[in-house]
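Order of listing sets the numbers, starting from 1, for every ligand and every atom in it.
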Amino acid sequence: MTLTQRSIGAAGQQVSAIGLGCMPASWGYRLEPQDDATSIATIERALALGVTHLDTAAVYGPEHNERLVGAALRGRREGVLVASKAGLYVDERLTVQRDARPESLVAGCEASLRRLAIDVIDLFYLHRVDPAVPVEESWGALAELVTAGKVRSIGLSECSVDELARAHAIHPVAALQSEMSLWTRDALDGGQLAWCAANGVAFVAFGVLGRGYLTGALPPGVVFPERDFRRTNPRFTPAAMEANRVHVDAVAAVALERGARPSQVLIAWALAQGPQVLAIPGTKRAAYVEEHVAGDGLVLSSADLARLDALPPALGNRYA
Ligand SMILES: NC(=O)c1ccc[n+]([C@@H]2O[C@H](COP(=O)([O-])OP(=O)(O)OC[C@H]3O[C@@H](n4cnc5c(N)ncnc54)[C@H](OP(=O)(O)O)[C@@H]3O)[C@@H](O)[C@H]2O)c1
């Protein structure tokens, strides 16, 4: 099955515009139990349906998510863009910390290759710029990994336009991965999306489903379990969820008119932000992957987009 394709990476590889964010299989969202066999089967289902962009990171789990992706890729590696990330780790207090020193990134790449059980990573991101390390130093180390043949292309995640430009001057930025959705417009307002368009750089949008919330699947009064990212997130307090219900309702209304699912509308909204945008909706469930893929090719009308773009800013910061 051939899905809509978009270009990404140093060689302009064509991959499915709808990729798969593999993180929920190991990290972040714990409303439902995580089961490795189910998660691997979900990734395999995505590949069978023509999804050719898998997104993971060393810190998801930590390390667990890359192993799952590696297991799912066995015998199915060809034609798949495997993206992973380095530069974050989990400390003994289970807090995520930054470490983008060159030696850490190089060691991180070797470890990711081992866990993924592949000999080259197609797209390797600096997960976060480390304030203690100039971006040029971190980026230079990633560029050397390209020269060494360990990774094919390199990207950044959640950084400023200035950091993008400084990195790009040393080695081409293949992709920027940042949160972008109906209720998170930072990359539109901060100029990152426009910078990517102007420089022929792919923009990989994460969180397009509002971490599940914007689909309407989270019931009012939901209590998030320990170690669920949303438990302490300002956007998921009862008051914020109540105030932001206007976003859920608008998506549901567009979906109803279109005969589509809310998730499909949310993905279509992200892809409508520019031809350089790719989406990586995250899930550990095959049924959700099937739903996303079934919405491939959905194009929202300018009236739909205007209605969604007129929504008020979301209540609550997107990070604690
Ligand atoms: N670069 C970064 O800093 C960064 C940060 C966060 C995430 N990411 C990447 O981006 C990917 C996507 O972001 P995300 O996973 O955080 O957020 P997301 O895609 O907005 O939401 C994922 C959540 O939505 C739920 N969901 C998925 N499909 C659904 C559907 N059709 N209907 C109802 N609920 C649905 C999932 O449930 P289940 O858990 O039950 O499957 C999961 O809890 C991640 O997987 C990760 O690879 C990158």
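Side chain of E226 to main chain of R30: no donor-acceptor pair is present (N/O by atom type, distance under 3.5 Å, no hydrogens or angles). Here the side chain of E158 pairs a donor or acceptor atom with the backbone of E179 at under 3.5 angstrom.
For ligand 1, the atoms closer than 4.0 angstrom to any heavy atom of Q177 are 1 (N), 2 (C), 4 (C), 8 (N), 9 (C), 48 (C). Close approach of ligand 1 to S157 is summarised as follows: ligand atoms under 4.0 Å from at least one heavy atom of the residue are 1 (N), 2 (C), 3 (O). Those atoms of ligand 1 with a heavy atom of E32 less than 4.0 angstrom away are 40 (O).
Only the side chain of T215 comes within contact range of ligand 1, with a heavy atom under 4.0 Å; no backbone atom does. Within the 4.0 Å heavy-atom criterion, the part of V208 lying near ligand 1 is the backbone and not the side chain.
Not close to ligand 1: R261, with no non-hydrogen atom less than 4.0 angstrom away. A heavy-atom separation below 4.0 Å is found between Y60 and ligand 1. Remark: distances from the non-hydrogen atoms of E179 to ligand 1 are all 4.0 Å or more.
Nearest protein neighbour of atom 21 (O) of ligand 1, counting heavy atoms only, is R211 CA, 3.3 Å.
At least one N or O atom of G282, backbone or side chain, sits closer than 3.5 Å to an N or O atom of ligand 1. Remark: ligand 1 and Y29 share an N or O pair separated by less than 3.5 Å (distance only, no angle test). Any N or O atom pair closer than 3.5 Å counts here, and K284 shares at least one such pair with ligand 1. Residue contacts with ligand 1: P281 is placed with no nitrogen or oxygen under 3.5 Å of a nitrogen or oxygen of the ligand (distance criterion only). Residue G207 has at least one N or O atom closer than 3.5 Å to an N or O atom of ligand 1. The shortest N or O to N or O distance between P24 and ligand 1 is not under 3.5 Å. Looking at D55 next to ligand 1, an N or O pair under 3.5 Å apart turns up.
Between V90 and W27, the closest side-chain pair of non-hydrogen atoms falls below 4.5 Å. Between L156 and V135, the closest side-chain pair of non-hydrogen atoms falls below 4.5 Å. When side chains are defined from C-beta on, K85 counts as touching D55, because their heavy atoms get closer than 4.5 Å.
Using cut-offs of 30° and 60° for the angle between ring planes, the Y60 and H127 rings count as perpendicular.
Judged as a side-chain contact (heavy atoms from CB on, under 4.5 Å), and not counting sequence neighbours, the contacts of S263 are L209, T215, R261, E291, H292.
For the side-chain hydrogen bond (donor to acceptor under 3.5 Å, both in side chains) with R318, the lone residue among T184, D186, N233 that qualifies is D186.
Of the N and O atoms on the side chains of K284 and Y29, not one donor lies less than 3.5 Å from an acceptor on the other residue.
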